[in-house]
Number of protein chains: 2
Amino acid sequence: METITTEQKIIRAADKLFTQKGYAATKTRDIAEEAGTNLALLNYYFGSKENLYKKVVQEKLRLLLGAMGSVLSDENISLEEKINSITENYTALLLENEELPIFILNELSVNKELFVNITRNTRQIAQPVIDKQLKERKLGMSAKDLIINTLSLTMFPFVAKPLIISSGLVNADEFVEFVTKRKEKIINWIIKTTK
Amino acid sequence: METITTEQKIIRAADKLFTQKGYAATKTRDIAEEAGTNLALLNYYFGSKENLYKKVVQEKLRLLLGAMGSVLSDENISLEEKINSITENYTALLLENEELPIFILNELSVNKELFVNITRNTRQIAQPVIDKQLKERKLGMSAKDLIINTLSLTMFPFVAKPLIISSGLVNADEFVEFVTKRKEKIINWIIKTTK
DNA sequence: GTCTATATTCCGATAGAC
DNA sequence: GTCTATCGGAATATAGAC
């Protein structure tokens, strides 16, 4: 039997609204209404709007960074597999959470104070491993470029979706197909495996 | 003699604060103070906060889309020159306006209503021209992919700057150097000119 | 055109009954 | 734990003097 506590209802409502509209534009009254309860319970469970927001953000950030996982720093995983893993994971994640990256990136640039020490655990152990793999393969590219290019090509269409659609480059109802097919191409754009 | 009217002072202040903090988090009092005037003048000139915001957003969007200019649809400009032109223009623009893309992309995804019909004039006349150029050069890539890849590789580092820096991939004081050098590489990543 | 003072609405948080 | 009613402050907008 699936029982959802009031606390969970509130956090889900907060998740939805914060992600959609950002911190400042989201009203605690709206969260309470969306959760089917009232304002007082929000403060009863979480103390303040800011507290609730931090809970949501930490979860979202974990979700976004987790998709990269520990794949990058594993020596036994080839470059191709690494790139494929990232594009696969992020495309799947972002198809399910389209507003996630722009939310994180925007709040990260707008509410800098609220994010201190959240991303500390993402330090790069992966970079030397990937540089070694690139050297062995004699590919003239740095790990830095490889990671950033993979993320750019995978995530940017989601981040810039409204712009891409309103500019007519891709139709709204073709978008899912577009990023799904694109997923397969990215590996070839990054490493020229077209021998 | 350079005379700045009060109206201009207000719009510059609004520009700065809206871009930095977004619509909801920006207070009209702060705009007035930043402009060196008072709250009443803001309403005297612009009627309301939302009105002022729309003025700023239209200008910013024009700036962002303008950087692509009419280069793309010009048949006499080669693919290489087109890609170089986009990376050059955007890198320069975004170095001067680091918060511009994330501001536009976020407000575009959050305040969808405010943007209707602003991007109508960006419809793609460029796509067929580029497709023709790609075919002539026998490059197995669509115009859609070429445009989106160029924009992805150029703009994403700016959009994801806080994440890139806090993850340790690039140091804060190396960022300018990083995107400047990157600019030169992008053309090679997109079209394999390394014969 | 510019400013001070104030009206008005909105919002986060809390008190207190059940 | 949950709710209604309300406090207190903040924010947008306006009135009216200069």
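Below, read A as the first sequence line, B as the second, and so on, with proteins coming before strands; counting in each chain starts at 1.
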Nearest-angstrom distance from the residue atom CZ of A:Arg29 to P of D:dC7: 13 Å
Phosphate OP1/OP2 of D:dA11 contacted by B:Thr28 side-chain N/O (<4.0 Å): no
Length of the line joining B:Ile10:CD1 and C:dG1:C1', which is rounded to integer Å: 11 Å
Quiz item: cation-pi between A:Lys49 and A:Tyr23, 6.0 Å / 45°: yes
Any A:Ser48 side-chain nitrogen or oxygen under 4.0 Å from OP1 or OP2 of C:dG12: no
Side chain of B:Ala40 (C-beta onward), nearest among D:dC3, D:dG1, D:dT14: D:dT14
Separation between CD of B:Glu88 and OG1 of B:Thr154, rounded to the nearest 0.5 Å: 10.0 Å
Sugar-phosphate only, base, or nothing, as touched by B:Leu39 at under 4.0 Å among non-hydrogen atoms: base
Separation of C:dG12 P from A:Tyr53 OH (nearest whole Å): 14 Å
Among D:dC3, C:dG1, C:dG12, the one nearest A:Thr37 by side-chain distance: D:dC3
Whole-Å distance separating the CG atom of A:Asp30 from the C1' atom of C:dG12: 12 Å
B:Asn149 and B:Ser152 side chains, donor-acceptor separation under 3.5 Å: no
Residues B:Ser78 and B:Glu81: side-chain donor-acceptor under 3.5 angstrom: yes
Residue B:Tyr44, side-chain atoms from C-beta onward, closest of C:dG1, D:dA11, C:dA13: C:dG1
Separation of C:dA13 P from A:Leu52 CG (nearest whole Å): 10 Å
cation_pi(A:Lys161, A:Phe175) dist<6.0 Å, angle<=45: yes
Sugar-phosphate only, base, or nothing, as touched by B:Thr26 at under 4.0 Å among non-hydrogen atoms: sugar-phosphate
A:Leu41 side chain, from C-beta outward: closest of C:dC11, C:dT2, D:dC3: D:dC3
Interatomic distance, B:Asn43 CG vs D:dA13 P [rounded to whole Å]: 5 Å
A:Gln8 CD - D:dG1 P separation (whole Å): 12 Å
Sugar-phosphate, base or nothing in reach of B:Tyr45, heavy atoms under 4.0 Å: sugar-phosphate
Nearest-angstrom distance from the residue atom CD of A:Glu33 to P of D:dT4: 13 Å
Shortest side-chain distance from A:Asn38, nucleotide among C:dG12, D:dT2, D:dT14: D:dT2
